Each structure stands twice: as structure tokens, then as C-alpha cells.
Amino acid sequence: MKISRRARELFDRLARGWNTWDVRSVTSHVFLPDGLEINLSVFIPDSSGYKRDFTWDEVKRFGEHAKDGSYSEIELSFSGLEFRVETAADGDELVMKVETLKVWPGAHYALEISPVWGGKLSIEDRHSEIIVRSDSRTFTCRSLQKRLSGIWNPCRTSNLTHEAKDILYFTVNSSKSEEEIDRFLDCSREKWLSSTVTSDGEMEKAVEAMRRSLIWNTIYEPHNKRVITPVTRKWCLSAEHFGDYVLFGWDTFFAALMYGLIDKNLAYANFFSMLQEASPEGMIPNFGAGNGMSGDRSEPQVGSMCAYKLYEKFHENWFLEEVFGPLLDWNRWRFRERDRNGDGLLELASVPSEDSNPNDCWKNRSVGEKQGAMWESGLDNSPMWDDAEFDTQSHCMKLSYVGLNALLVADCEFLEEIASILGRESERKELRARRKALTKRINEELWSEERGIYLNKHWDGRFSDSLSATHFYIFLGSIASQTQIKRMIEEHLLNEREFWGEYILPTISRDDPAFHDQYYWRGRIWAPTNFLVYEGLKRIGRSDHAEELALKGLRMFVKLYDEKGYVGENYNALTGEASESGQPSDKFYHWGALLAYMAIETMGIGKK
């Protein structure tokens, strides 16, 4: 993995102090760079129950979380026990307040203290306190209540143990009393909220949800020593064996974009982290992970748009200089490798690599097969792919997909703008030529005068009947005429039999037989597709429709967040629900907050 000097310096600045860095547990706080972990676990001697690592499944409510770890709050449950953990930090000082909300007989808390990620520490366990020494400092770990001993204790590290009842206080390098800790917690929370993007009224919950979903998903990746934001911690720990992290392409670029409203450095760090997963050929993969990458396939091309929008906010040329080369390499790769039949239009593919890393995760799952190409679309099981044939020789779908081709026109346009800013005239001309040629082919081959919209087209010349929200990606680039735009909006986008309504936008038309499946990409609402259509509507001057799309998404988003605390991976287009029983819909998936981001941008919140 190639990490530039400026990116390395940025990661090193961010990876400092106490924070919830460890992906394995949301009750873990690690002090970097020393590598000291303080982790709250629960055990029940009577049943030999033990929970060291708390993940999404045990979270009842995600509370506030400062970007620098100076404050955090979360509510959890285990085996009938319910409790709240609140922390504050300043320098190497850390305080933790644990409040039991529902007592469970025999339950105990243990504050486990150990080195992590190669931290070279000496630990001395005294009865009243635990002393930890690193090369640069000493940590004194205490509890303000009397420590228990002489009971069954499954912990394998030094720990401070107490019955799980009432309120407990733990400290590291702090002499504060209970009352002083309470004041410290309150002040740390207020300091954080006064320094970050906030709002009031109907936007208060939306902004809060965006902040929390990003920051609670931000972790430290120890192998490459990076601060990253996976779309959800849960995926990093899934049975797919990604290793200690996984970053998906468009998910991570969108995280960087949203972080632009919270912290510039974290926005840049996330953007760099995805570029660093690129293949030697310049492909930004579907995913990069601790155990490898998807060397056979990429993901939707949104990096240049996100980079340009971050530049519009911060106006820092050095950032564009850092990202332009990798983004241009990705653009060149796509045009070089994904016109599999040479007709000037691009296809979705999954191409096995002869020199694939033997440790690649999923290396034997659908690589070189139709499902692999479906994954490259980002719309894993869309009905658009149901009747698409797969060519086993070229390893691609025999289908010219509107969404992919439209995104590549937009990718060229954004890269042209960046090239102009940087004075890269030869690259600008190169990109312009590619854009013009692709636009010409889209208009020659994919416009259906009969239907009044651009359609996917099979290699045998047949148009596909499926209509997806991704067909409106056409608005992102200079492709359609005003007459074509008018027809697409009036006959399709605003047509309640197809896409408009109370809950929008479904990823397949409402009159498609697959719409009522409401399963993953088969009819449900996804924030990234909404966002890309929203951006496209703004680019063609239809801000009224863009605003209505943003506000409808906001109402659906805030209602569910207010009721359940969810930031949905996807949403039911009939009910507006997310994470229903039996649905693959993570309940705290940060790209769901794009629904908030659109409204935040529409209302001008956080511009300063």
C-alpha cells in the first residue's frame, strides 16, 4: 500500500490520545500512540457468562461522540443488564462513568487493562490501583468504589471489578471526585457541541445522526497506521473474514464528503484511505480490507465529484494535487478495461487476475461470474440484472448500463474541472475527448424516444424494460437536451406510478414486478442513489425538485432516527422503515446519513 508523505503526516496527527479506536468493541478506549486499551466488559459468575467486546448487537442507543474522543456516551445491554457508559478525556486523562439502568442478578463490570497493537507496556496490579508504564509516560488506573476480589472472573488481563449496580466511576491519570467527574463530563459534552456542526428544529436530529453515525464508525487501522471510517463497524467483524477493517469504494468517498461538515482532516483522511486501496493498474476496488481487496471489480465512480465538492468547501489546491493522479488513473482504467465489446459504451464486469493475492477475501466468491459484475454496479441484486446475460469470455454483463456510463461522463467533467484548477491542460483535453465520445455513444444508443428516457441496452440491440433511479444519473453530466430532461422528469421522475410519492426514490420503478420484493436493491430506498439524483437535479438547474427530494428523504430519515436511533443502510419504499426483521439493512450505516446531508446542504447549514 502506497501512502504519500502528506497522507502519512495527516494520519499520524489524527491517531493521538484516547478514543474508541478499536473496531472490536465500542466500550474500548485506546490511548495512542502508546497502545494502552481500557475496555469495559461484563461477566456473570452464576452462568459463566462473559462479554468482553460490545458490538452493534448490544447497542441500545448511540449517544454523542466527539471527533477527538474528548467525550462519548452510549447505552448497551447484555443478558438482561442495561447500562450507560459516558467518558471524557483531556490529554492522557480519562474518566468513565458507568450507570446501571436495569440490574441483572449476579452481573459484574470489569475494566480490563491491557496493551494493544504491539504497545510495549509494563503493568503493575496493586490492590487499590493498576499502574501502567510505557516508554514515554505512566498511567494510573483506579475506580472510585471499592474493588471486588475473590469471585469467578474470566478476564485474562489486569482489571478493576465491581458489581453491576448503581453508578461506578473509573479514572486514568485523574484525581477528580465523583462530583468533579460529573462536571467534567457535562463540560466536555457542551464543549464538543459548541464546536461542531449543530442545528435546531427539524434539522437537529438530522445533523446529530450524521455526526454520530460517522464518528462512532471511525476506527484505527493498525496494520497501515491509519484513521479510517468503515461504513459500519459491523461489516469489519462479519463472517466474511475481511480482517480488522473493510472500506468500500463509494461508501468511503461519501463518508469523506459528509465529514467535510464536521472536520476537514477527517474528511481528507477518509478520502486518502480509499485511494490507498487502489490496484497497481489504477482501479479503486469494490472493497479493500485487512485480508485483501476485490481485485476483479470496482465500484461506482463518485470520487472526483466528492473531491470537487470538498475543494469547493475548503479551497485547498494541495488536496486536489494529492488526489488528481489516482482519480485520473481510475478513470483511465475504467475506459481501458470496461468497454468489453469495443462499442464505445461501458459494461459491468468481474475479471479474474492471474496474479491475484492468495489472501484476497472473497477470492473464490463469484469472481469472473455474473454476481461479481453485479457487485461492481454497487446495486448487488438489482432487478436490472435479472435478464442480463453474462459473457464468460470477457467476464462482463452483455448490457450497456445507463448508470455506469452516465457516471463516467460526470467523472470526466469533474476531473476536467480539477485539471483546469491545477493547470493540467493536456489531461483536461484528454478527459474532454473521452467525455465527448462517450456522450455521443450514449445519445446514439441508449435514448428511447418511445419511452422518453435513456434505457439499458442488451448487446443484441434490445432495450431493457427495467427502470431504476440510476437512470437519472444522466443529469450529472452534460448528456441530455432540455427536451429530453423535461420528458424524463415529467414522465418518469415525478410519476407516482414509477418513482415519486411519499417515500422516494425507490431503486426500481414502482410498477416493476420486483418492486414489491422490497429486499435490498429490489425496490428499497438507498441514500446514495437519492444523493446522486439530487446532485444531478441541481446540475441541470432543477433545484425545486432537488429540494423536494431532499426534504422528503429528511422526513423519512428523521422519523426513524427519532423513534429507534437508526441510520439505515436502506429504507422500505412502502413504509419508510429500516432494519426490519429479515432485511439485510444495517441499523447504523453512515451512508444513510446522506439523506441528512442533502437537507443540510439545501438549508445551508454548516457552510461556515
Side-chain angles (χ1 to χ4, degrees), residues 249-250 253 274-275 277-286 293-308 323-353 368 372-379 388 391 393-420 422 424-447 454 456-457 459 470 473-474 476-480 532 536:
W250 58 337
F253 290 126
M274 197 63 233
L275 296 182
E277 301 294 336
S279 73
E281 297 76 25
M283 179 193 72
I284 304 297
N286 171 201
M293 62 176 285
S294 56
D296 63 306
R297 62 187 181 273
S298 187
E299 272 219 312
Q301 212 103 353
V302 300
S304 60
M305 179 187 68
C306 293
Y308 187 75
V323 305
F324 179 69
L327 291 174
L328 179 60
D329 289 344
W330 188 18
N331 179 279
R332 288 168 172 166
W333 171 88
R334 183 80 71 169
F335 279 90
R336 184 177 68 246
E337 298 294 335
R338 288 304 186 257
D339 181 5
R340 307 298 286 179
N341 65 348
D343 69 348
L345 292 168
L346 305 173
E347 294 87 32
L348 298 164
S350 169
V351 181
S353 172
M374 290 161 63
W375 280 329
E376 183 167 81
S377 74
L379 286 70
D391 186 74
Q393 297 302 310
S394 59
H395 302 290
C396 77
M397 274 196 260
K398 298 165 74 171
L399 183 77
S400 297
Y401 164 42
V402 171
L404 169 63
N405 284 276
L407 280 179
L408 265 294
V409 170
D411 188 54
C412 287
E413 283 194 10
F414 283 112
L415 287 173
E416 282 180 66
E417 290 290 333
I418 295 172
S420 294
L422 299 178
R424 305 283 286 272
E425 185 61 16
S426 62
E427 288 91 341
R428 188 193 67 78
K429 290 179 179 178
E430 170 195 339
L431 289 157
R432 184 176 185 274
R434 274 204 292 278
R435 173 174 61 83
K436 290 285 188 180
L438 181 56
T439 299
K440 183 173 184 290
R441 293 299 291 147
I442 290 171
N443 279 311
E444 288 173 344
E445 295 293 331
L446 303 185
W447 173 256
Y454 294 87
N456 300 335
K457 196 172 191 179
W459 280 6
T470 60
Y473 290 177
I474 286 289
L476 285 163
S478 302
I479 299 170
L532 291 171

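All values derive from a computational prediction rather than experimental measurement.
- Side chains of Leu532 and Met305 form a contact here, defined as non-hydrogen atoms less than 4.5 Å apart.
- Taking both residues in full, the closest heavy atoms of Gly368 and Ser350 are given as N-OG, 2.8 Å, listed atom of the first, atom of the second, then distance.
- In this structure, the separation between SG on Cys412 and CG on Leu407 is 11.0 Å, given to the nearest 0.5 Å.
- Closest of all the heavy-atom pairs between Gly344 and Asp339 is N-OD2, 2.9 Å.
- The shortest heavy-atom contact between Leu446 and Ser400 is CD2-CB, 4.1 Å.
- No more than 12 heavy atoms of other residues, nucleotides or ligands lie within 6.0 Å of CZ in Arg432, so this atom counts as exposed by the packing criterion.
- Between Trp447 and Tyr454, the angle of the ring planes goes over 60°, which puts this pair in the perpendicular group of the 30/60° scheme.
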Verdict with reasoning, Leu275 to Phe253, per side-chain contact (heavy atoms from CB on, under 4.5 Å): CA-CA 9 Å; Leu275 296 182; Phe253 290 126; 4.0 Å; yes
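- The side chain to side chain contact (heavy atoms under 4.5 Å, CB included) search around Ser394 returns Arg340, Asp391, Cys396, Trp459, not counting sequence neighbours.
- Salt bridge Glu376/Arg338: present, at least one basic N to carboxylate O contact under 4.0 Å.
- Taking the side chain as every heavy atom from C-beta outward, Glu281 and Glu337 never approach each other to under 4.5 Å.
- Minimum interatomic distance between Leu327 and Ser304 (heavy atoms only, all atoms of both residues): CD1-CA, 3.9 Å.
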Between Leu328 and Glu427, does the side-chain contact (heavy atoms from CB on, under 4.5 Å) criterion hold? Intermediate values first, please. CA-CA 9 Å; Leu328 179 60; Glu427 288 91 341; 3.7 Å; yes
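- Two residues are said to be in side-chain contact when any heavy atoms from C-beta on lie closer than 4.5 Å; Asp411 and Val302 fail this criterion.
- Checked against side chain to side chain donor-acceptor pair (under 3.5 Å), Lys429 has no partners two or more places apart in sequence or in another chain.
- For the atom pair Leu415 CG and Arg435 CZ, the distance stands at 11.5 Å (nearest 0.5 Å).
- Separating the CD atom in Glu277 from the CE atom in Met283 is a distance of 10.5 Å, to the nearest 0.5 Å.
- A pairwise comparison of heavy atoms in Ser420 and Arg428 identifies OG-CD, 3.0 Å as the closest pair.
- Residue Asn286 holds its CG atom at 7.5 Å from CG of Asp296, rounded to the nearest 0.5 Å.
- For the 3.5 Å distance criterion, the side chains of Arg441 and Asn405 fail to qualify, holding no donor opposite an acceptor.
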Worked verdict on Leu379 versus Met374 for side-chain contact (heavy atoms from CB on, under 4.5 Å): CA-CA 7 Å; Leu379 286 70; Met374 290 161 63; over 6 Å; no
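- Neither side chain, Trp333 nor Ser298, offers a donor N or O lying under 3.5 Å from an acceptor on the other.
- Between atom CD of residue Glu413 and atom CG of residue Leu476 there is a gap of 9.0 Å, rounded to the nearest 0.5 Å.
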Which is it for Glu430 and Arg434 under the side-chain contact (heavy atoms from CB on, under 4.5 Å) test, yes or no, and what are the steps along the way? CA-CA 6 Å; Glu430 170 195 339; Arg434 274 204 292 278; 2.8 Å; yes
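- When each of Ile474, Val402, Leu346 is paired with Ile442, the side-chain contact (heavy atoms from CB on, under 4.5 Å) condition holds for Ile474 and for no other.
- For the atom pair NZ of Lys457 and CG of Leu399, the computed distance is 11.5 Å after rounding to the nearest 0.5 Å.
- For Trp330 against Gly303, the heavy-atom pair with the smallest separation is CZ3-N, 4.1 Å.
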